[in-house]
Every structure is written in structure tokens, then in C-alpha cells.
Amino acid sequence: MSSSSKTLIKTLIENPARIRSKYQAKQLHAQLIRTHSLSHTSASIVISIYTNLKLLHEALLLFRTLESPPVLAWKSVIRCFTDQSLFSRALTSFVEMRASGRCPDHNVFPSVLKSCTMMADLRLGESVHGCIVRLGMDCDLYTGNALMNMYAKLLGMDSKFSVDKVFDEMPQRKSFSEEDGKSSHFDTSSVDPVMSCSEVIEAETVIAASNLPLGIDSVRKVFELMPRKDVVSWNTIVAGYAQSGMYEDALRMVREMGSNELSPDAFTLSSVLPIFSGYVDVNKGKEIHGYVIRKRIDADVYIGSSLVDMYAKSARIEDSERVFSHLSRRDSISWNSLVAGYVQNGRYNEALKLFREMVSAKVRPGPVAFSSVLPACAHLATLHLGKQLHGYVLRGGCSDNMFIASALVDMYSKCGNIKAARKIFDRMNVHDEVSWTAIIMGHALHGHGDEAVSLFEEMKLQGVRPNRVAFVAVLTACSHVGLVDEAWGYFNSMSEVYGLEHELEHYAAVADLLGRAGKLEEAFDFVSNMRVVEPMGSVWSTLLSSCSVHKNLELAEKVAEKLFAVDSENMGAYVLMCNMYAANGRWKEMAKLRLRMKKRGMRKKPACSWIEVKSKTHGFVSGDRSHPSMERINEFLKAVLEQMEREGYVADTSGVLHDVDEEHKRELLYGHSERLAVAFGIINTEAGTTIRVTKNIRICRDCHVAIKFISKITEREIIVRDNSRFHHFNNGSCSCGDYW
DNA sequence: GTAGGGTTAG
């Protein structure tokens with residue numbers, strides 16, 4: 001070997017950063033072997049070269065030949081394991097390194113802590129923290145940052161220790177002493193408790209006494225003790241505060257950054273932006289948007305999706321669209337922020353359209369994308385799309401995801417298939433309050449009040465505490481089947497047992513229940529005496545429709561007056577009142593109301609129904625004869641009407657409030673949108689297929705009777721979803737038991 | 001060698 005090549009090897013070993021390729025690294029390795037100069041030290045350097053090039057396999061082959069690997073070799077492989085997301089192997093290596101008696105230095109801890117974070121192993125992380133304190137390495141900037149990140153990430157988790165324990169007691173704890181280097185303390189598989197029982201109890205008492213979230217407290221403690229802090233340190237604590245809901249503190253830290261001559265960067269802002277959507281006003285968010293543009297970080301994908309989300313949550317979806325359209329690069333989260341934004345703003349068709357665009361743009365939808373877009377299918381009741389998405393979810397193997405499973409339960413029940421919803425619910429391994437509420441609400445909407453109530457009881461038995469939404473669901477269930485006493489019990493238990501405040505929705509459900517049950521005066525007093533800060537228009541309009549069902553015009557006038565006082569443009573209320581005046585022959589009052597509507601430029605929303613046939617949605621508007629199949633629909637309805645009449649059907653024209661003769665009234669009934677949709681469905685599907693129709697307003701009383709007959713004559717299950725519930729017609733009767 | 005964004009039930 002020439003002296004010049006020896007010099008070259010020496011130079012490379014001293015400047016390992018010069019090696020940039022696998023080939024060069026292997027050449028060096030080979031030369032060292034050939035010249036018999038592969039010492040422990042030079043081998044470690046080669047290992048670090050391999051790991052820097054992410055050549056884990058090569059590094060490990062060499063590593064295993066070393067009898068007692070030096071610190072450099074250990075930390076190189078630990079870092080590489082962490083880099084390649086092999087967190088548990090990183091931690092095992094750390095344990096082995098400690099067991100071999102090697103003392104870790106400051107640049108191994110960031111990787112170890114990251115692995116603890118990713119493995120969600122707070123216990124081990126805290127032990128490592130103890131070790132760091134013992135070795136006096138808590139002054140290291142990167143180690144401190146990694147510690148803060150770990151506590152911030154694992155902040156919701158149960159901890160046996162508090163950070164004070166780590167600081168105050170860890171150094172003295174025997175298992176951390178350097179002399180005891182062979183201790184198996186760091187072995188993750190070890191079941192030996194690190195603390196004695198009494199210590200654990202003591203620590204838990206300390207934790208119970210503190211009202212602050214444990215994690216954020218630990219983050220702050222580490223932060224305060226760090227002698228040197230950089231932007232990352234500040235960003236980590238800002239994110240920690242933001243994620244713990246401590247928004248004031250997060251924003252205070254951003255301001256303090258400025259006084260420490262550090263300017264907020266893209267990381268800082270993307271942590272802080274979500275605060276402005278739900279907590280502070282959107283104008284503050286706009287200021288930040290301006291700052292982002294001035295700092296020229298508006299191309300950052302993280303900032304982009306934060307902005308899209310912020311504007312969407314502030315009901316400014318047009319601004320979300322603008323931000324999205326200007327993004328130079330879009331990842332799956334940017335897409336999904338806008339998809340979710342559309343759904344949050346009730347723009348379901350746009351959400352589905354964008355989801356499709358996303359798939360065409362070759363961005364694979366992940367679990368979050370599915371849980372964002374499924375509610376759009378639920379709201380639109382587009383079963384075929386929902387089923388397609390379900391298939392996609394199954395192929396993607398994420399059907400166990402709690403968010404997705406709950407969204408699927410909700411989607412199937414809202415699309416009229418409560419059986420499929422229940423099947424998915426029953427197959428879930430664990431249920432949280434969201435999935436329970438979804439299935440309870442599903443049964444409630446399908447008129448299975450008793451089933452919904454017993455599921456609610458089952459939920460409580462399983463130790464899942466009902467929250468405010470769960471109470472909305474169970475009260476809705478009671479309301480749809482007239483369980484008055486049960487509803488009062490639940491309403492009272494909300495505040496008395498669960499310490500939950502009654503909100504508008506709960507009052508509305510009870511008012512609805514009393515109204516449906518015909519207890520109109522009681523309902524009126526209940527609503528008049530409720531104390532809710534929010535507007536009560538929806539509650540009054542619920543009660544108004546009960547007055548209409550129970551034909552109580554006198555009370556209806558009182559209710560309407562209350563309603564118009566808070567909501568002078570409530571279309572439904574005008575229509576209901578007009579109809580009630582008409583039904584009572586009070587044409588003068590009706591005309592007056594009609595004029596008021598006309599002056600305000602209000603127009604009646606037409607009644608429509610939809611049906612999906614062969615994955616295509618067909619819409620029908622009451623009295624509209626433009627559908628290409630209208631001739632066949634009429635033929636069918638005419639034929640079936642003859643049979644219906646033979647079986648005892650008599651048209652109930654009392655609901656037709658136009659001032660026309662009986663014959664004309666019957667014709668109007670026969671042109672109702674739900675009847676057209678049902679007829680179209682029966683003609684265009686095979687015998688026995690379930691018919692699913694969605695209607696935008698309440699189903700008409702006469703159509704309800706007629707569809708019962710039709711279900712019997714045609715031997716079809718017919719499911720009609722109106723604006724408040726599902727009606728399952730089967731063999732001449734309806735699941736609602738005519739209570740609606 | 002550390003740090004950030006989107007999701008389910010009314």
C-alpha cells in the first residue's frame with residue numbers, strides 16, 4: 001500500500017463528512033480491513049458514516065463484529081434506528097448500551113427521547129429524564145428540546161410520576177447510579193417496578209393535588225431550566241400550550257419570543273393559527289395571514305392547511321378556497337383541510353367533488369380523509385357513494401379506526417340502512433361516547449325509541465359517561481316514540497347526576513316531545529320558562545309544528561308571535577300559519593300573512609324528494625311533470641290507486657290547503673313528490689328491492705297512509721327519510737306507529 | 001440532532 005493511500009484513509013477517517021456515497025463508504029471500509037487498521041475507533045467511525053448515509057444494514061453488520069462497541073458506535077445505530085422509525089429497536093439498543101456500562105453522551109438523548117415519544121412510553125421517558133439529570137445533560141439544547149417535545153406529546157397520558165419527582169428524586173434512585181451500570185432498569189420488557197408502592201402512591205397524591213395538566217407543567221419546567229433556548233424550544237412550548245387548550249399562554253409565549261429577539265416562523269404560526277378559528281376572532285387570524293405573506297412563508301404547506309382550516313372554521317369557506325387555490329404544493333392534509341371545511345360549512349356536494357379531485361390527483365385518501373368525507377354522504381343520504389367509500393375503507397384496512405367506524409355507523413343510519421349501521425357498531429372492539437351516540441341517534445331516527453333507550457343504559461353500564469350530545473340523542477329517541485316520563489328522567493339526570501348544563505338542543509328535544517305528545521300547554525310553559533342565552537327560534541318553530549299537528553290554532557298564534565319576535569323571516573312558520581288559517585277558513589288572516597311574505601320577498605321552498613336508482617339520483621318536485629318517466633309513473637300510480645281503494649284507502653284531502661274543489665285536491669295529492677319518487681323506484685327496480693326516498697320537508701299525512709298501502713300491495717319495504725326521521729313502511733304499516 | 005397542519009356523534 002502506498003503511503004499516499006494511507007494518508008487518504010487517515011484524512012477520510014478524520015473527516016468522515018467527506019464521504020457522500022455508499023460506494024465511497026464501502027471502499028473506505030474495505031481499505032481499512034485490507035490494511036489491518038480496523039480498530040474499535042475506526043470501525044465506529046465507519047459505522048457512523050454508514051448510519052449518516054442511512055445504511056442501517058451495513059452499519060449493523062459491522063457493529064455486530066465489535067466486542068465492546070464504543071459510545072460513537074452505539075449512538076450511531078440508536079440514531080439510525082430512530083431515523084428509520086424503528087423506535088423499539090432504538091430503545092432496546094439504548095438499554096443494551098447502558099447495560100454494557102457505556103456512559104451515554106448528550107447527542108444520544110434526543111434520539112432516545114424521540115423513540116420514547118413515538119412509542120408513547122412515558123414511563124421509560126421519565127426514567128431517561130432522570131438519567132439525563134443525573135448526568136447533568138439537561139443543560140443541552142437539543143436534549144432539552146426533545147424532553148419538552150416528549151412531555152408535550154404525551155401530556156394526556158397517565159403517569160406514575162410527576163416531573164418534580166424526576167428532578168428531586170431520580171438522581172438518588174439506586175437504579176440510576178452509574179456504578180449500577182448493569183442494572184436492567186432500562187430493559188423495556190422488565191416488569192420490575194421502578195418505584196416502590198409507597199412512592200407510587202405518594203406520586204399519585206401529588207398529581208391528584210395539582211389541577212394543571214401534568215404534561216404541560218413538565219414542559220414548562222424543562223423550558224424554564226434550559227440555560228439556552230432556540231426557536232425550536234420556543235416553538236415546542238407554544239405548541240404544547242396550544243394543544244393543551246391554554247391559548248392565552250401560547251399567545252403570550254409568541255409575544256415573548258419577540259422580546260427575546262426571535263421572530264415567529266412557519267412552525268410557530270401553524271401551531272397558533274388553529275387557536276384563531278375556534279377561540280379568538282378571525283380578524284386576528286387575518287393579521288397573521290398578512291404577517292405570513294410579508295415573511296414570505298405563505299407557500300409553506302403547514303401554514304397553508306392551517307389557514308384553510310382557520311377560514312373554514314370561521315365560516316369563511318371562500319377564503320379557504322382562495323388560500324387552497326394559491327398553494328404551490330398540496331399534500332394530503334391540504335386537500336383534506338378543504339374537504340373537511342366544505343363539510344363543516346354544509347357544502348356536501350363540493351366536499352364530494354373535491355374528494356374525487358383529490359383521488360384523481362393521485363393523492364391517496366387516508367383515515368382522516370375518510371372520516372372527513374363520510375359525513376357528506378350521511379347528510380346527502382347518498383347510500384351508493386357511502387358504500388363505495390366503505391369499500392375503499394375496507395381495502396385500505398382502516399375500518400378499525402374509531403373515527404371512521406363512527407362515521408360509517410352514522411352514514412349508514414342516515415342513508416336509511418340502520419341494520420348495516422348496527423352491524424358495524426357491533427363489530428367495533430371498543431366504543432367511545434361518539435360511537436354510542438351515533439348508534440343511539442340512528443335508532444332514534446329510525447323510530448326504535450326503546451332500543452335507543454336501552455343502548456343508552458348499556459353505554460352507562462359499560463362506564464362510558466354520557467355527554468351533552470348523548471343526551472340530545474336519548475331525548476330525541478324519547479321524543480320520537482312519546483316516552484314522556486323517561487325523557488323527564490333523563491332531562492333531570494343531566495344536571496343532577498352528570499353536572500351538565502341544559503342547552504338549547506335539550507330544551508328543544510323536550511319541547512318537541514311534549515308537543516308531539518299533545519301536551520301543548522305544558523310545552524308552551526316549559527319553553528316560556530327556559531333560560532338559555534342562545535336564540536330560541538328553533539324551539540318555538542318545533543312547538544309551532546306540534547300546534548299544527550294537533551290543530552290548535554289559538555296556541556299556534558301565541559307561539560308564532562314569540563317566534564317572529566326572535567326570527568321574523570322564518571319561512572316554515574309563515575307556511576304553517578298560512579296553512580292553519582286556510583284549514584280554519586280564516587282566509588283574511590292568511591292573505592295578510594301571504595302579503596307580509598311577499599313584501600319581504602320570501603318564497604315558499606318547494607317540496608322535493610330524491611331517490612337513488614342504479615347509482616343515479618333522481619329528484620322530484622311536487623306537481624312537476626317534467627321527468628321523462630312521468631307517463632309510466634302515472635300509469636303505475638293509477639293502477640295501484642285502484643287496488644288501494646279496493647282495500648279501503650280514502651284520500652285525506654284535509655292537508656291540501658288550496659282553495660280548490662275535492663277532485664282537484666286529490667289530484668294535487670297524487671302529484672306529491674314522495675309519491676312520485678316511490679313510484680319511480682318501484683318501476684325501475686327488481687321485485688323485492690328496498691325503496692329509499694329522501695324528502696326535504698315532513699312527509700304528508702295522506703302520503704303516509706298511501707305508502708303504507710303501496711308497501712303491502714307491491715310487497716316492498718319502503719323507507720322514507722323526511723327532515724326529522726325515517727319511516728319504514730312494510731306490509732301495510734309504518735315503523736313510526738303513526739306517531740310523528 | 002430537536003419543532004408544526006386536517007378527522008367521527010347534535
Side-chain angles (χ1 to χ4, degrees), chain A residues 52 75 78-79 82-83 106-114 117 140-150 152-153 229-240 242-243 264-274 277 297 300-310 312-313 331-341 343-344 365-375 378 398 401-411 413-414 425 431-442 444-445 466-476 503-506 508-509:
Chain A
N52 282 340
K75 68 189 185 191
I78 291 171
R79 209 173 61 212
T82 308
D83 252 10
H106 68 93
N107 46 27
V108 74
F109 286 116
S111 298
V112 174
L113 290 167
K114 184 177 182 182
T117 310
D140 177 60
L141 176 66
Y142 292 141
T143 302
N145 287 346
L147 267 174
M148 282 169 50
N149 182 45
M150 178 185 77
K153 287 273 166 53
K229 304 172 180 87
D230 66 355
V231 182
V232 177
S233 327
W234 285 88
N235 286 345
T236 309
I237 196 159
V238 166
Q243 281 152 20
D265 63 3
F267 284 85
T268 331
L269 297 176
S270 56
S271 305
V272 153
L273 273 170
S277 53
I297 45 178
D300 185 285
V301 271
Y302 283 79
I303 292 279
S305 32
S306 291
L307 285 170
V308 168
D309 180 56
M310 178 195 77
K313 293 228 169 76
D331 65 6
S332 66
I333 298 183
S334 339
W335 283 95
N336 199 57
S337 302
L338 190 56
V339 171
V343 174
Q344 284 152 12
V368 181
F370 288 120
S371 37
S372 308
V373 79
L374 276 166
C398 46
N401 178 303
M402 188 83 108
F403 284 78
I404 294 181
S406 304
L408 282 170
V409 167
D410 187 56
M411 183 276 293
S413 92
K414 296 250 172 68
F425 178 83
H431 297 121
D432 64 356
E433 73 258 59
V434 176
S435 50
W436 277 109
T437 305
I439 195 67
I440 291 168
M441 199 61 180
L445 292 179
N467 62 10
R468 32 199 287 282
V469 190
F471 275 104
V472 173
V474 76
L475 289 172
T476 305
E503 287 161 288
L504 185 72
E505 291 86 349
H506 307 109

Practice item. Name the nucleic acid region contacted by A/Val231, choosing base, sugar-phosphate or nothing; use a 4.0 angstrom heavy-atom cut-off, strictly under. Key: nothing
**Study point:** Under 4.0 angstrom between A/Lys313 side-chain N/O and B/dT7 OP1 or OP2
**Key:** yes
**Study point:** Given B/dA3, B/dG5, B/dG10, the nucleotide with the shortest approach to the side chain of A/Glu505
**Key:** B/dG10
Exercise for review: Compare side-chain N and O positions of A/Lys414 against OP1 and OP2 of B/dG10 and report whether any pair is under 4.0 Å apart.
Suggested key: yes
Review point. Looking for any heavy atom pair under 4.0 Å, which part of the strands does A/Ala266 touch: base, sugar-phosphate only, or nothing?
Key: base
Point to revise | Derivation of the side chain to side chain contact (heavy atoms under 4.5 Å, CB included) call for A/Val231 and A/Asp265 | key: CA-CA 8 Å; A/Val231 182; A/Asp265 63 3; 3.5 Å; yes
Study note, to complete from the structure: Which of B/dT7, B/dT2, B/dA9 is nearest the side chain of A/Ser372? It is B/dT7
Point to revise | Distance below 4.0 Å between A/Gln344 side-chain N/O and B/dG6 OP1 or OP2 | key: no
Review point. Can you list the residues that meet the side chain to side chain donor-acceptor pair (under 3.5 Å) rule with A/Ser413, with sequence neighbours excluded?
Key: none
**Study point:** Distance-only donor-acceptor test, A/Asn467 side-chain atoms vs B/dA9 base atoms, 3.5 Å
**Key:** yes
Practice item. May I ask you to verify whether the side chain of A/Ser270 and the base of B/dG5 hold a donor-acceptor pair under 3.5 Å? Key: no
Review point. A/Leu408 CG to B/dT7 P: how many Å, rounded?
Key: 18 Å
Exercise for review: Please work out if A/His106 contacts a base, only the sugar-phosphate, or nothing of the nucleic acid, heavy-atom cut-off 4.0 Å.
Suggested key: base
Point to revise | Stepwise side chain to side chain donor-acceptor pair (under 3.5 Å) check, A/Ser435 with A/Asp432 | key: CA-CA 6 Å; A/Ser435 50; A/Asp432 64 356; 3.0 Å; yes
Check your understanding: What's the CE-P distance between A/Met441 and B/dT8, to the nearest Å?
Key -> 17 Å
Review point. Does A/Lys153 make a side-chain N or O approach to OP1 or OP2 of B/dT2 shorter than 4.0 Å?
Key: no
Study note, to complete from the structure: Separation of B/dG5 atom C1' from A/Phe267 atom CZ, nearest Å, is 11 Å
Check your understanding: Is A/Gln243 near enough to B/dA3 that one of its side-chain N or O atoms lies under 4.0 angstrom from OP1 or OP2?
Key -> no
Exercise for review: Confirm from the modelled atom types if A/Ser371 and B/dT7 form a donor-acceptor pair under 3.5 Å, side chain to base only.
Suggested key: yes
Study note, to complete from the structure: Regarding the side chain of A/Asp309, the nearest nucleotide among B/dG6, B/dG10, B/dA3 is B/dG6
Exercise for review: Report the nucleotide, chosen from B/dG6, B/dT8, B/dA9, that has the shortest atom-to-atom distance to any side-chain atom of A/Asp410.
Suggested key: B/dA9
Check your understanding: Rounded to the nearest Å, what distance is computed from the CD1 atom of residue A/Ile297 to the P atom of nucleotide B/dA3?
Key -> 19 Å
Exercise for review: Remember a base hit wins even if backbone is also touched, and classify A/Val434 as base, sugar-phosphate or nothing at under 4.0 Å, heavy atoms.
Suggested key: base
Review point. When the distance from CH2 of A/Trp234 to C1' of B/dG4 is rounded to whole Å, what number comes out?
Key: 18 Å
Check your understanding: Do A/Asp265 and B/dG4 share a donor-acceptor pair, side chain to base, under 3.5 Å?
Key -> no
Review point. For A/Phe403 and B/dT7, are the ring centres under 5.5 Å apart with planes inclined under 30°?
Key: yes
Review point. By side-chain contact (heavy atoms from CB on, under 4.5 Å), which residues pair with A/Gln243, not counting sequence neighbours?
Key: A/Ala239
**Study point:** Check: A/His106 ring centroid to A/Tyr142 ring centroid under 6.0 Å
**Key:** no
Check your understanding: To the side chain of A/Pro375, which of B/dT7, B/dA9, B/dG5 is closest?
Key -> B/dA9
Review point. So does A/Asp300 reach the base of B/dG4 with its side chain, donor to acceptor, closer than 3.5 Å?
Key: yes
Check your understanding: Please give, in whole Å, the distance from B/dT7 C1' to A/Asn336 CG?
Key -> 7 Å
Practice item. Just call it for A/Ser334: base, sugar-phosphate, or nothing, with non-hydrogen atoms closer than 4.0 Å on any strand. Key: base
Check your understanding: Once you round it to whole Å, what is the distance between P of B/dT8 and CD1 of A/Ile404?
Key -> 12 Å
Practice item. Give the nucleotide from the list B/dA3, B/dT7, B/dG4 with an atom nearest to the side chain of A/Ala340. Key: B/dT7
Review point. With a non-hydrogen cut-off below 4.0 angstrom, is A/Met402 in contact with a base, only sugar-phosphate, or nothing?
Key: base
Practice item. Can you tell me the distance, in whole Å, between the CG atom of A/Asp331 and the P atom of B/dT7? Key: 14 Å
**Study point:** Min side-chain heavy-atom separation A/Phe370-A/Pro365 under 4.5 Å
**Key:** yes
Check your understanding: Can you find a pair of side-chain heavy atoms, one from A/Ser406 and one from A/Val409, that are under 4.5 Å apart?
Key -> no
**Study point:** Base of B/dT8 paired with side chain of A/Ser406 (donor-acceptor, under 3.5 Å)
**Key:** yes
**Study point:** hbond_proxy A/Ser337 side chain to B/dG6 base (donor-acceptor, 3.5 Å cutoff)
**Key:** no
